Amino acid sequence: MTGTYPTDEYCIFCRIIARNAPAKLRYESEHVVAFDDHRPKAPTHVLICPKGHYPTFMETPDEVLAQLEAEIKIVAERLGVGERGFRMVVNNGRESGQLVFHLHYHLLAGTVMGF
Ligand code: 5GP
Ligand code: ZN
């Protein structure tokens, strides 16, 4: 992967990544950002995205997914939830309830979660 990646000027997460929209950033690397969900559904609710604009999980190149998942481990450690546990959720496509079409993993933690 190079330092350049696809973007979409109308995408809210691309705007956050470009610092054109506000968010509470938790982590940033060359390829990945993590920031607080603005409507948290758990005490810790962080969205972890590739900097590249890939609308869905299915449309995301395998190497981007591999890099992202490796860095999710780092984010979880930095948030202090690596040991205690956390839930990861990825909505993929219309019927999943996906609302923002820039791939993101939800990391939810800080409470005991049932199904
Ligand atoms: P999805 O259903 O697409 O997986 O979830 C999108 C998530 O993004 C939701 O949990 C929603 O609260 C969050 N979200 C939507 N717009 C913004 C925003 O502008 N800033 C932040 N921080 N979170 C957002
Ligand atoms: Zn985007």
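Side chains included, hydrogens not; waters and symmetry mates left out as well; all remaining heavy atoms used. One-based numbering, in listed order, for ligands and for the atoms of each. Values in this document were obtained by computation on a predicted structure and should not be read as measured data.
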Any protein N or O within less than 3.5 Å of an N or O in ligand 1? List each pair with its distance, or say none.
| residue | atom | partner | partner atom | Å |
| --- | --- | --- | --- | --- |
| ligand 1 | 2 (O) | Asn91 | ND2 | 3.4 |
| ligand 1 | 2 (O) | Gly97 | O | 3.1 |
| ligand 1 | 2 (O) | Leu99 | N | 3.2 |
| ligand 1 | 3 (O) | Leu99 | N | 2.7 |
| ligand 1 | 3 (O) | Val100 | N | 2.9 |
| ligand 1 | 3 (O) | His104 | NE2 | 3.2 |
| ligand 1 | 4 (O) | Asn91 | ND2 | 2.9 |
| ligand 1 | 4 (O) | His104 | NE2 | 2.8 |
| ligand 1 | 4 (O) | His106 | NE2 | 2.8 |
| ligand 1 | 5 (O) | His104 | NE2 | 3.4 |
| ligand 1 | 5 (O) | His106 | NE2 | 3.4 |
| ligand 1 | 10 (O) | Asp37 | OD1 | 3.3 |
| ligand 1 | 10 (O) | Asp37 | OD2 | 2.4 |
| ligand 1 | 10 (O) | Lys41 | NZ | 3.3 |
| ligand 1 | 12 (O) | Asp37 | OD1 | 2.5 |
| ligand 1 | 12 (O) | Asp37 | OD2 | 3.4 |
| ligand 1 | 14 (N) | His38 | NE2 | 3.4 |
| ligand 1 | 16 (N) | His38 | NE2 | 3.4 |
| ligand 1 | 22 (N) | Asp36 | O | 2.9 |
| ligand 1 | 22 (N) | His38 | N | 3.3 |
| ligand 1 | 23 (N) | His38 | N | 3.3 |

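Side chains of Tyr5 and Pro50 form no contact here, defined as non-hydrogen atoms less than 4.5 Å apart.
The 12-atom threshold is exceeded at NZ of Lys41, counting heavy atoms of other residues, nucleotides or ligands nearer than 6.0 Å. By the neighbour-count criterion of 12 heavy atoms within 6.0 Å, atom CG of Asn20 is densely surrounded, having more than that number from other residues, nucleotides or ligands.
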Listed pairs under 3.5 Å, donor-acceptor, residues 75-87 side chains, sequence neighbours left out:
| residue | atom | partner | partner atom | Å |
| --- | --- | --- | --- | --- |
| Arg87 | NH1 | Gly114 | O | 3.4 |
| Arg87 | NH2 | Gly114 | O | 2.9 |

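When each of Leu103, Asp8, Val100 is paired with Phe13, the side-chain contact (heavy atoms from CB on, under 4.5 Å) condition holds for Val100 and for no other.
At a cut-off of 3.5 Å, with distance as the only test, no side-chain donor of Glu63 or Gln67 sits close to an acceptor on the other residue.
For the pair Lys51 and Glu28, the salt-bridge criterion is met [side-chain N within less than 4.0 Å of a carboxylate O].
By the ring pair (Phe, Tyr, Trp, His ring centres under 6.0 Å) test, His45 pairs with His106, sequence neighbours left out.
The two residues Cys49 and Leu68 make their nearest non-hydrogen contact at C-CD1, 3.7 Å.
Of all protein N/O/S atoms, those under 2.8 Å from the Zn ion (ligand 2) are Cys11 SG, Cys14 SG, His53 ND1, His102 ND1, and waters are not counted.
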